[in-house]
Peer 1: 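Below is one structure. I have some questions about it.
Residue numbers begin at 1 in each chain, while the letters A, B, ... track the order of the sequences.
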Protein chains: 2
Amino acid sequence: MGATKTDHFTDKQNSIASMAKALGHPARIAIVEYLLKVNECICGDIVNELPLAQATVSQHLKELKVAGIIKGNIEGNSICYCIDEKTIEKLQKYFGNISDKLNKKKNNCC
Amino acid sequence: MGATKTDHFTDKQNSIASMAKALGHPARIAIVEYLLKVNECICGDIVNELPLAQATVSQHLKELKVAGIIKGNIEGNSICYCIDEKTIEKLQKYFGNISDKLNKKKNNCC
DNA sequence: TTTCTTTATCGTAATATTGCAATATTAAAT
DNA sequence: ATTTAATATTGCAATATTACGATAAAGAAA
């Protein structure tokens, strides 16, 4: 027990959930917002922007990367990270689709 | 150690993170999709739709409710749950804003 | 080469999540 | 009042996450 029953759900459900999960931590939201703010891809000072230890930030970056929220390449002794626009677009469309359906249905019993 | 350092981040960052976190599990995505599908708010058969025990489903519903993803009222011996369109809209706008900024910047170095 | 700087990984402790059986609760139905 | 049906809560075990110090790795600078 204790482990998520991934097998019992569809690929799409698991996919959306894993993207959402990656963004389900304020530090990772802060990282995404920082990457958005700096504009540039070369951003080797993420660690200094966050109230967390370097090891912790590195771990959060890894999770974002595994979930496809950010992408990065090795560039010298620093790393070039940036937001993967395709993933964000997927999320936007997913929630947009839900919004649309809700608006059409206008189920306001609650 | 081990607990999320909520205090170190902004309210908005924590808010978005908690919404995303609530959706960061395939069972909870499945619940949202089911609520969307059935259209009606009166839906007392969520448990039968999921490959999980009743207690587990109830727990997931509670998490979705606490995070504001769904709202529900007591209605007889069953519960009337439905998606909170305002929360979904917030998420859509949040990701829409990120997408817009990314498109403007066109930073495709990665 | 040695040192410096930056990021990654390992090991570990604290805490949180996931899942379920058992039980409680609550209101409708009989 | 008793039974039935549905959801909630409790308690617990298994697993995952969060965080950080220590250490490793790898390129840049001296």
Side-chain angles (χ1 to χ4, degrees), chain A residues 1-9 13-14 17-18 20-31 34-35 41-67 69-82 110, chain B residues 1-9 13-14 17-18 20-31 34-35 38 40-67 69-82 110:
Chain A
M1 303 166 216
T4 297
K5 289 187 155 184
T6 312
D7 300 347
H8 296 63
F9 302 96
Q13 284 167 343
N14 282 311
S18 87
K21 190 177 185 179
L23 292 168
H25 191 289
R28 295 194 287 269
I29 290 291
I31 289 172
Y34 179 69
L35 286 175
C41 274
I42 304 105
C43 38
D45 50 352
I46 303 181
V47 175
N48 302 317
E49 291 291 322
L50 293 172
L52 295 169
Q54 182 267 324
T56 310
V57 174
S58 183
Q59 202 173 300
H60 282 307
L61 284 167
K62 194 179 177 185
E63 277 178 71
L64 285 170
K65 197 174 177 184
V66 167
I69 306 289
I70 64 174
K71 47 186 177 175
N73 296 313
I74 295 163
E75 184 171 293
N77 61 342
S78 68
I79 290 289
C80 162
Y81 280 123
C82 58
C110 293
Chain B
M1 301 167 220
T4 297
K5 288 185 157 185
T6 312
D7 301 346
H8 296 63
F9 302 96
Q13 285 168 342
N14 282 311
S18 86
K21 190 177 184 180
L23 292 168
H25 191 290
R28 295 194 288 266
I29 290 290
I31 289 171
Y34 178 69
L35 286 175
V38 293
E40 301 266 335
C41 274
I42 305 106
C43 39
D45 50 353
I46 303 181
V47 175
N48 302 317
E49 292 290 323
L50 294 173
L52 296 169
Q54 183 268 324
T56 310
V57 173
S58 183
Q59 202 173 301
H60 282 306
L61 284 168
K62 193 180 178 184
E63 277 179 72
L64 286 170
K65 197 174 178 184
V66 168
I69 306 289
I70 63 174
K71 48 186 177 175
N73 295 313
I74 295 163
E75 185 171 292
N77 60 342
S78 69
I79 290 287
C80 162
Y81 280 123
C82 59
C110 293

Peer 1: Expressed in angstrom and rounded to an integer, what is the separation of B:H8 atom NE2 from D:dC20 atom P?
Peer 2: 8 Å

Peer 1: What is the distance from CG of B:L64 to P of D:dA8, rounded to the nearest Å?
Peer 2: 12 Å

Peer 1: Distance check needed: C:dA8 P versus A:I46 CD1, whole Å only.
Peer 2: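 After rounding, the gap between these two atoms is 9 Å.
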
Peer 1: For B:G24 and for B:Q54, locate the closest nucleotide of DNA chain C by heavy-atom distance; then report the residue assigned to the nucleotide nearer the 5' terminus.
Peer 2: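 By nearest-heavy-atom nucleotide position, the 5'-most residue is B:G24.
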
Peer 1: Could you please name the option among C:dT9, C:dT18, D:dA19 that lies closest to any side-chain atom of B:H25?
Peer 2: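 Minimum distance to the B:H25 side chain belongs to C:dT18.
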
Peer 1: Kindly give the heavy-atom pair with the smallest separation between B:I29 and A:Q13, and that separation in Å.
Peer 2: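 The answer is CG2-CG, 3.9 Å.
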
Peer 1: Return the value, rounded to whole Å, for the distance between atom NZ of A:K62 and atom C1' of C:dT7.
Peer 2: 12 Å

Peer 1: What are the two closest non-hydrogen atoms of B:N14 and B:T6, and how far apart are they?
Peer 2: ND2-O, 3.0 Å

Peer 1: Counting only side-chain N and O atoms of A:K21, is one of them less than 4.0 Å from OP1 or OP2 of D:dT17?
Peer 2: yes

Peer 1: From C-beta outward on A:A3, which listed nucleotide comes closest to its side chain: D:dT7, D:dT15, D:dA19?
Peer 2: D:dT15

Peer 1: Does B:Y81 have a side-chain nitrogen or oxygen under 4.0 Å from the phosphate oxygens OP1 or OP2 of D:dA8?
Peer 2: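 Yes, within the criterion.
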
Peer 1: Supply the atom-to-atom distance A:H60 NE2 to A:L50 CG, rounded to the nearest 0.5 angstrom.
Peer 2: 8.5 Å

Peer 1: Verify the contact: side-chain N or O of A:H60 to OP1 or OP2 of D:dT17, cut-off strictly under 4.0 Å; return yes or no.
Peer 2: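 Checking A:H60 against D:dT17: no side-chain N or O falls below 4.0 Å of OP1 or OP2.
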
Peer 1: C:dA22 P sits how many Å from B:Q59 CD, rounded?
Peer 2: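 After rounding, the reported distance stands at 17 Å.
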
Peer 1: What's the closest nucleotide to the B:A55 side chain, out of D:dT18, D:dT9, C:dT7?
Peer 2: D:dT9

Peer 1: Nearest whole angstrom, please: distance from the P of D:dT17 to the CG of A:L23.
Peer 2: 15 Å

Peer 1: For B:P51 and A:L61, find the nucleotide of DNA chain C closest to each by heavy atoms; which residue's nucleotide sits nearer the 5' end?
Peer 2: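 Taking each residue's closest nucleotide, the earlier one in sequence belongs to A:L61.
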
Peer 1: Would you name the heavy atoms of A:A22 and A:A67 that are closest together and state the gap between them?
Peer 2: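 Looking at all heavy atoms of both residues, the shortest contact is CB-CB, 3.4 Å.
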
Peer 1: Is the distance from OP1 or OP2 of D:dC20 to the nearest side-chain N or O of A:T56 less than 4.0 Å?
Peer 2: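 A:T56 to D:dC20 OP1/OP2: side-chain N or O found under 4.0 Å.
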
Peer 1: Can you tell me how far CG of A:L64 sits from NE2 of A:H25, rounded to the nearest 0.5 angstrom?
Peer 2: 10.5 Å

Peer 1: Over how many whole Å does the gap from B:L50 atom CG to D:dT7 atom C1' extend?
Peer 2: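 Checked: the CG to C1' distance equals 14 Å.
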
Peer 1: Distance check needed: D:dA6 C1' versus B:E49 CD, whole Å only.
Peer 2: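 Atom-to-atom, B:E49 to D:dA6, this comes out as 16 Å.
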
Peer 1: Quick one: which of D:dA19, C:dC20, C:dT18 gets closest to the side chain of A:T4?
Peer 2: C:dT18

